[in-house]
J.: 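Following this message is one structure expressed as structure tokens.
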Amino acid sequence: MATGLRYLHVTTNPVELWASPHSPARVERKFFDSHFGPFYRIEQIIIHAQDLPNVLHNTSNGVIEFGPVFNREFLMEVFHLQNMIKEINDGALKDICFAPLSTEYRGPTELEDCAVQSVWGYFQDSEETFNDTDEDPNGFETNYLDRFLKCFNNPYDLDCLASYGGPIDPAVAFGGFLNHGDNLAKNPLYQNATSVIVTFLVNNKDNSSLLGPALEWEQAYVELMLNYTASNRSRHLDIAFTSERSIEDELNRESKSDISTILVSYLLMFAYIAVSLGHVDDCNRAMIDSKITLGVGGVIIVLASVVASGGLFGFVGVPATLIIFEVIPFLVLAVGVDNIFILVQTHQRDVKKPNETHAEHIGRILGKVGPSILLTSISESTCFFLGGLSDMPAVKAFALYAGMALFIDFLLQITCFVSLLALDTARQAENRWDVLCFLRGSKKDSVSQTIKEGVLYKFFKVIYVPFLMKKLVRTVVMIVFFGWLCSSIAVAPHIEIGLDQELSMPEDSFVLKYFRYLNSFLSIGPPTYFVLKGGLNFSNTSDQNLVCGGLYCNSDSLSTQLYISSKLPETTYIARPASSWIDDFFDWSMIEACCKKGEKF
């Protein structure tokens, strides 16, 4: 079965892990990607200003207070970092970036054509423009702070357009400007920002084999940011960052780092089994009464069951997840060791009858404990197989692999381990050493037929059970149990449903810091698309009016309803009015002297 591991496919894509292929969100995303292409790859940096005071700016309207991120030196350091990222791999960003206004008529895409959402877009990525100053009619100096205020009021102002030709949304470029409970519909004060956000948009592909250049650039970008943050180049810049590939990379790194933990756990369990199962009372019989071979055999059987389960589903074609390789070995080890202790200790506490062979003795022991082991193993496997009915891919794969591993472990224990126990019993009866079975002990060190009770056995027999069986103790136990049960039922409705993405990352991951900063500083959520799947003829005016939001459009059109919804962000979670392509098309078509090529226009 282990040969099936060659065909095992490991899934690390978070969407494929946690979203059912038949869920509405997954189906709708597949429809969108197949018709419009997948969403951009996001490379994002959140830079929080620390140990910097607010900036005061004297204007003709009085003194305006800006947040610490508007400090000139702070912004210059952000500018230099942004340029370092653009120059990664000799400016390879221009070959993979999203450049909405770059066309074949304009020639090859340049770095300035790349859509970068950054505060420096208000200055067209020009240090000279940033340093420009002037004087207003009242004699007050105007500088970069006045430009920020101008662009906050109208990001579409021609002076505020970024070098790629599009606007910079201040809600995307700044963070930490909203108070608790506020939203973007309440005229936010962007000048109160405590962090800046730099976002690079990279083109995505349906065919993952075409993502080689993007993945290579992202790897270089992550290495640059790790080196930059590790060198602590500025004590004023507290940086968190991520790339599109970072989550998968961190999951892979976590799984590889856990290999040593799994190996150490199995070695410790082997040592525990060997020491606990071996009743060594005489140093002369230490190598005879030890159970090193049984311990090694038991651990190998557990590992073999995990490998066999993976190989079997590799043949079948059920994708695996990294959780399987991190959790199932511990799960099967815990269950497998229980059965090993039950078999061996029952055998040790039952004296072999006169004229009874070792095989008959072990057969009688297996007949005594075998049904219990069978029922528990079947119950555990069945519970996990029922978990395989879940639509969530990660849960389904884990349940199937775990259920099969437990079942194979049971089969190996009642066959291979029982055989190994029989051989070990015969070895011990003949005074042969454990492991070095070709060596014998002296005849005077013969095996004793006296059953010796261990410390734990005596504790439960003499102390714990008599104490628990007292009437007062039993009453207290039942009251505590039912009280705990009732309190658990009472708080169950308050359990939050969902998967916190922070829990998927290791504590030392840079992505974990990014998730925390994302929740703390980013003031706007992900984009939402409303897609019409068909049934409308957009050459027909009545159909156009069902969708558009301008003059003469229906009062209940799709765009109008979305606009109304954006005014109720506490309920709808829509922060901004939707952009409608048909309204933009109408506006564009009415401009006679711009943006058209060809006689048909």
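This structure is a prediction, so every number in the text was calculated from the model and none was measured.
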J.: Side-chain donor-acceptor pair under 3.5 Å between Thr572 and Ser565, yes or no?
T.: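 Their side chains do not contain a donor-acceptor pair, so the 3.5 Å distance test is not met.
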J.: Taking the six-membered ring for Trp, are His48 and Phe521 parallel (under 30°), tilted (30 to 60°) or perpendicular (over 60°)?
T.: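 Ring orientation of His48 relative to Phe521: parallel.
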J.: Should the heavy atoms of other residues, nucleotides or ligands under 6.0 Å from CD of Glu216 be counted, would the total exceed 12?
T.: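 Not more than 12 within 6.0 Å, no.
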J.: Taking salt bridge (Lys or Arg N to Asp or Glu O under 4.0 Å) as the definition, give me every residue that meets it alongside Asp125, ordered by chain and number, with sequence neighbours left out.
T.: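 With sequence neighbours excluded, Asp125 shows a salt bridge (Lys or Arg N to Asp or Glu O under 4.0 Å) to Lys86, given in chain and number order.
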J.: Check for a donor-acceptor pair, side chain of Glu43 on one end and backbone N or O of Glu244 on the other, with a separation under 3.5 Å.
T.: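 Flag set: sc Glu43 to bb Glu244 pair under 3.5 Å.
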J.: Which label fits Phe36 and Phe32: parallel for a plane angle under 30°, tilted from 30 to 60°, or perpendicular past 60°?
T.: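 It falls in the tilted class, 30° to 60°.
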J.: Kindly give the heavy-atom pair with the smallest separation between Ile88 and Leu224, and that separation in Å.
T.: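 So the two residues come closest at CD1-CD2, 3.6 Å.
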J.: With under 30° as parallel and over 60° as perpendicular, where do the rings of Phe152 and Phe174 fit, or are they tilted in between?
T.: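 Because their plane-to-plane angle is over 60°, the rings of Phe152 and Phe174 count as perpendicular.
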J.: Which value, rounded to the nearest 0.5 Å, describes the distance between Asp543 atom CG and Phe538 atom CZ?
T.: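 Rounded to the nearest 0.5 Å, the CG-CZ separation comes out at 7.5 Å.
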J.: If only side-chain N and O atoms count, and only distance matters, is there a donor-acceptor pair under 3.5 Å linking Thr59 with Asn61?
T.: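 Judged by distance alone, the side chains do not pair up.
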J.: Phe510 vs Phe241 aromatic rings, parallel, tilted or perpendicular, using cut-offs 30° and 60°?
T.: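 It falls in the parallel class, under 30°.
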J.: Can you tell me if Thr142 uses its side chain to pair, donor with acceptor, with the backbone of Asp136 under 3.5 Å?
T.: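 Pair absent, no side-chain N/O of Thr142 close to backbone of Asp136.
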J.: In Å, rounded to the nearest 0.5 Å, how long is the span from CD1 of Ile582 to CG of Leu546?
T.: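 The CG atom of Leu546 is 9.5 Å from CD1 of Ile582, to the nearest 0.5 Å.
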J.: Do Ser118 and Gln82 meet the criterion of a side-chain donor-acceptor pair at a distance under 3.5 Å?
T.: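 On atom types as modelled, these side chains qualify, holding a pair under 3.5 Å.
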J.: Taking NZ, NE, NH1 and NH2 as the nitrogens, is one of them in Glu250 or Arg253 under 4.0 Å from a carboxylate oxygen of the other?
T.: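 Yes.
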J.: For the residue pair Thr199 / Gln44, report whether a side-chain donor-acceptor contact shorter than 3.5 Å exists.
T.: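 Yes, a side-chain donor-acceptor pair sits under 3.5 Å.
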J.: Does this structure show an ion pair linking Asp157 with Arg147, if we count only N-O contacts that are shorter than 4.0 Å?
T.: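 Looking at Asp157 and Arg147, the cut-off is not met.
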J.: Applying the side chain to side chain contact (heavy atoms under 4.5 Å, CB included) test to Gln117, which of Val198, Ile42, Val172 qualifies?
T.: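 Testing each of Val198, Ile42, Val172 against Gln117, the sole residue satisfying side chain to side chain contact (heavy atoms under 4.5 Å, CB included) is Val172.
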J.: Mark yes when over 12 heavy atoms from residues, nucleotides or ligands other than Lys94 sit less than 6.0 Å from its NZ; otherwise mark no.
T.: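 Yes.
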J.: I'd like to know whether CZ of Phe98 has more than 12 heavy-atom contacts from other residues, nucleotides or ligands below 6.0 angstrom.
T.: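 More than 12 within 6.0 Å, yes.
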J.: Does the pair Tyr221 and Leu93 meet the rule for a side-chain contact (heavy atoms from CB on, under 4.5 Å), with working shown?
T.: CA-CA 10 Å; Tyr221 153 75; Leu93 178 63; over 6 Å; no
